[in-house]
Amino acid sequence: MRKQNSTFKTAFISEAGSELKNNDYFAFVELEKYACYVVADGLNDVPGAESARLAVQTILIAFQERPSMRKRAIRSWLEAADRALAEADDTQRLKASVIVVVTDYVKLRYAQAGNTRLRLYRNGIVREQTSDASLGMDMVRERNLPQDVLARHEQRNNLRTYLGKGRSFLPFISGKIKLENGDIVAMYTRGIWENLDGGELDDVFSEAKDDPQESLDDIEELLLSKQPGQLENYTFATVFVDKVFLDPDRKRRIRKIVTISVLVFVLLLVLAVVLWFLARQRRRRVEDMELHYTNMTEYIQDSNYIRAQEECTEALDVAGKLRDKEKMQEISDYRKLIEAVNAADKAFGEGKYEEAHTAYMASLERSRYADRIADAYIHRKLAVITDYLSVFDYMQMGDQLSAQGDYSQAEEKYLQARNLATGAYFEEGRQAALDALEALYESQSKAEEADKEAAREKAADETGAVSLAAEGDKAFAEGEYESANAYYTMALEKYQEMGDDVHAAGIQARIDASTQKSEETKEKRQKADDCVERGKTLEARGNYLEARKEYQSAGNLYRELKLEDETKEVDGLLEMLDTVMAIEAEKRAKEEAERAAILELQEQEAKQREEEQKARETDQTTQTPTP
């Protein structure tokens, strides 16, 4: 019912002008729901070319097959016309400029390719007008000149896009323009705008009445009155919109749209609130996690691992809710460290010092994955355990010496145990040493000479094992892991020979710890040795700066390992390298000075030879007789 309830009046003129053949073409189709109006200007110089007609027919056929106002549909019509011109069986490639107007009797949309023009008048005033796709239009726009200047510009027909271009064909398609009663759509080719400016056209349509043909007659009369010397083909088509279609369901659709819009708005609002709540909840959880994480690290630094474990559990729980895998892994590493330290502390508190030593070594390994935050605490505990174990070793040595009958040496070991326990605030060990001394003094008065000899032989082995273990502990504390491992191995062999499985197990644990430390030391030593070798290779190649860096890296590692001889050796290499670099620098400077002196001497000799030559020439001139 759109066409029957709207009034669109169409009229046009199309003439050959001064040409033999009219290459312009206009046609339109008005369907029930849509109408399409097409004006094309043939751009071929050969008379009789059918480019404009072929373009218009192709567009209208495509429109009737798929009537629509969508940009994609309009572009497909124009592309079909472009292909039709490009593939036409003609002596030369067909080209055309085109303007297409599509309307649903309520709104209008136009498309343009080339310099065929359109103007939309409303109440006698230009509401919309096209802009040519030409180099001339670009130059006019760049120089901010009036558009009417384009009618005489030499580049007005140098088009960027047109039908028949093929590759990179890019037509312009406008947005939808709402029509009103009384609107006038004017479409015209270059035969019009090259001879009539926009002001003259505006004057005609500002006084237009209901008859479009009358306006066209006025335009043609004005054009012919100009009497141009060369008048191109000209076509002018107008569509008078007397009545725009009014949709009876418009209010109902508007209400439906409003209702849907409100529902969508409410849904979006609810979604926004939910997202805001979730974001707020997540932000609070992140803050809560960070708080527990900070508290955990502070408790670790305060050596309060019980409270640190509580905060770690809370932080890990919140990280799980946040599904922050990276943070979960980080906190999990801290949790493993805390659990290991707490297990070591428990063994230490229960007096299981061998077990505690092993647990603290495991904790030290865990601390690597937690920013080494517990290293200081673990090292302090290991130092204390070393003192405690040394107390027990001295006590054991005293017991062995006492059993051997060497009461003087036994007393010395007990006194050493007592003094070490007192200095380490080890009350249990101190009391044990005092009790051992008291027992020693009692057994000394009751011991028999025959038993002393047997006890002395047995105690000798035990004393050796204890001494070796003590020496191993000392070497371990000083970082001499290879020596410690050797002492521990000898002590283990002695305990195994004596059948003392308890002490043998303790020594084995120390061997494992010493072996692990030894491997780490070997790796660093190997790395330092590699740096020295690379430095020597670079030095041999003359790359002294890189060689110096390698030597410095090796020296740092040797110092860290407390290898004085190797450190001195690397320092010597650095001194020698610095000397070589200084000699090389001095040598280069000397060579440059010598080259400069040689050049100066050569210049002086050349100058002297030149002066001597001039002197000889002067003497010859003086001695020549006058004829």
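These numbers were taken from a predicted model, which means no experiment stands behind them. All values below come from the heavy atoms of this structure, side chains included, with hydrogens, waters and symmetry mates left out. Position 1 is the first residue of the sequence, and the numbers go up from there.
In this structure the side chain of Lys527 never reaches within 4.5 angstrom of the side chain of Glu523, judged on heavy atoms. Using a 4.5 Å heavy-atom cutoff, the side chains of Lys346 and Glu350 are in contact. At a threshold of 4.5 Å between non-hydrogen side-chain atoms, the residues Val532 and Lys536 count as touching. Between Tyr487 and Lys474, every side-chain heavy-atom pair lies at or beyond the 4.5 Å cut-off. Residues Glu566 and Arg525 form a side-chain contact, since some pair of their non-hydrogen atoms from C-beta on lies under 4.5 Å apart. The closest side-chain heavy-atom distance from Asp578 to Arg548 is below 4.5 Å. Looking at heavy atoms from C-beta onward, Asp317 lies out of side-chain contact with His292 at the 4.5 angstrom threshold. No side-chain heavy atom of Lys590 sits under 4.5 Å from any side-chain heavy atom of Glu586.
A donor-acceptor pair under 3.5 Å is formed between the side chain of Ser76 and the backbone N or O of Ala73. Of the possible polar contacts, none joining the Arg372 side chain to the Ser367 backbone as a donor-acceptor pair under 3.5 Å is found. Side chain of Arg282 to backbone of Leu322: a donor-acceptor contact under 3.5 angstrom is found. Under a 3.5 Å cut-off, the side chain of Ser363 and the backbone N or O of Ala340 do form a donor-acceptor pair. Proximity of a side-chain donor or acceptor of Asp82 to a complementary backbone N or O of Lys165 within less than 3.5 Å is detected.
Listed here is the closest heavy atom pair of Cys312 and Met296: CB-SD, 3.4 Å. Annotation for Arg380 and Ser303: closest pair NH2-OG, 3.5 Å, computed over non-hydrogen atoms. In terms of heavy atoms, Ile300 sits closest to Ala308 at CG1-CB, 3.7 Å. Nearest heavy atoms, Ser390 versus Leu420: CB-CD2, 3.5 Å. Shortest non-hydrogen contact noted between Asp393 and Val466 is O-CG1, 3.0 Å. Residues Lys178 and Lys107 share a closest heavy-atom pair of CA-CG, 4.0 Å.
Of the charged side-chain nitrogens involved, at least one lies within less than 4.0 Å of a carboxylate oxygen, so that Glu354 and Arg510 count as a salt-bridged pair. We find that Lys494 and Glu497 are not joined by a salt bridge, their nearest charged nitrogen and carboxylate oxygen being 4.0 Å or further apart.
Between the CG atom of Leu557 and the CG atom of Asp530 there is a distance of 10.0 Å, given to the nearest 0.5 Å. In this structure, CD in Glu471 is found 9.5 Å from CE in Met490, a value given to the nearest 0.5 Å. Considering CH2 of Trp77 and OG of Ser68, their distance stands at 6.0 Å, rounded to 0.5 Å. Distance check, rounded to the nearest 0.5 Å: CD1 of Ile338 to OG1 of Thr313 gives 8.0 Å. Put simply, CG on Leu574 and OH on Tyr551 are 8.0 Å apart, with the number rounded to the nearest 0.5 Å. If you take NZ on Lys568 and CG on Leu573, they are separated by 14.5 Å, rounding to the nearest 0.5 Å.
Judged by distance alone, the side chains of Asp512 and Gln516 never bring a donor and an acceptor atom under 3.5 Å apart. Under 3.5 Å, the side chains of Tyr334 and Asp371 contain a donor-acceptor pair of N or O atoms. Gln552 and Asn556 share no side-chain donor-acceptor pair at under 3.5 Å.
Both tests do not hold together for Lys336 against Tyr369: distance to the six-membered ring centre under 6.0 Å, angle to the ring axis within 45°. The side-chain tip of Lys327 points at the ring of Tyr293 from less than 6.0 angstrom away and within 45° of straight on.
Remark: aromatic rings of Tyr353 and Phe348 are close, center separation under 6.0 Å.
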Inset, instruction - List the steps and the verdict of side chain to side chain donor-acceptor pair (under 3.5 Å) for Glu310 and Tyr299. - result: CA-CA 10 Å; Glu310 296 174 0; Tyr299 280 130; over 6 Å; no
Inset, instruction - Give the intermediate values and the outcome of side-chain contact (heavy atoms from CB on, under 4.5 Å) for residues Tyr558 and Glu569. - result: CA-CA 10 Å; Tyr558 286 141; Glu569 180 183 353; over 6 Å; no
Inset, instruction - I would like to know whether Tyr377 and Asp345 meet side chain to side chain donor-acceptor pair (under 3.5 Å); could you show each step before the answer? - result: CA-CA 11 Å; Tyr377 175 80; Asp345 286 345; 2.9 Å; yes
Legend entry - Check against side-chain contact (heavy atoms from CB on, under 4.5 Å), Arg283 and Val286: CA-CA 5 Å; Arg283 186 168 59 254; Val286 170; 5.7 Å; no
Inset, instruction - Test side-chain contact (heavy atoms from CB on, under 4.5 Å) on Glu311 and Arg307 and set out the steps. - result: CA-CA 6 Å; Glu311 295 294 337; Arg307 290 300 307 277; 4.0 Å; yes
Inset, instruction - Go through the steps to decide whether Lys71 and Arg109 satisfy the test side-chain contact (heavy atoms from CB on, under 4.5 Å), and finish with yes or no. - result: CA-CA 9 Å; Lys71 283 187 176 182; Arg109 174 172 274 165; 3.6 Å; yes
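Annotation: Glu594, atom CD; neighbour count of heavy atoms from other residues, nucleotides and ligands within 6.0 Å is above 12.
Taking the six-membered ring where the residue is Trp, Tyr495 and His503 present parallel rings, their angle staying beneath 30° rather than reaching 60°.
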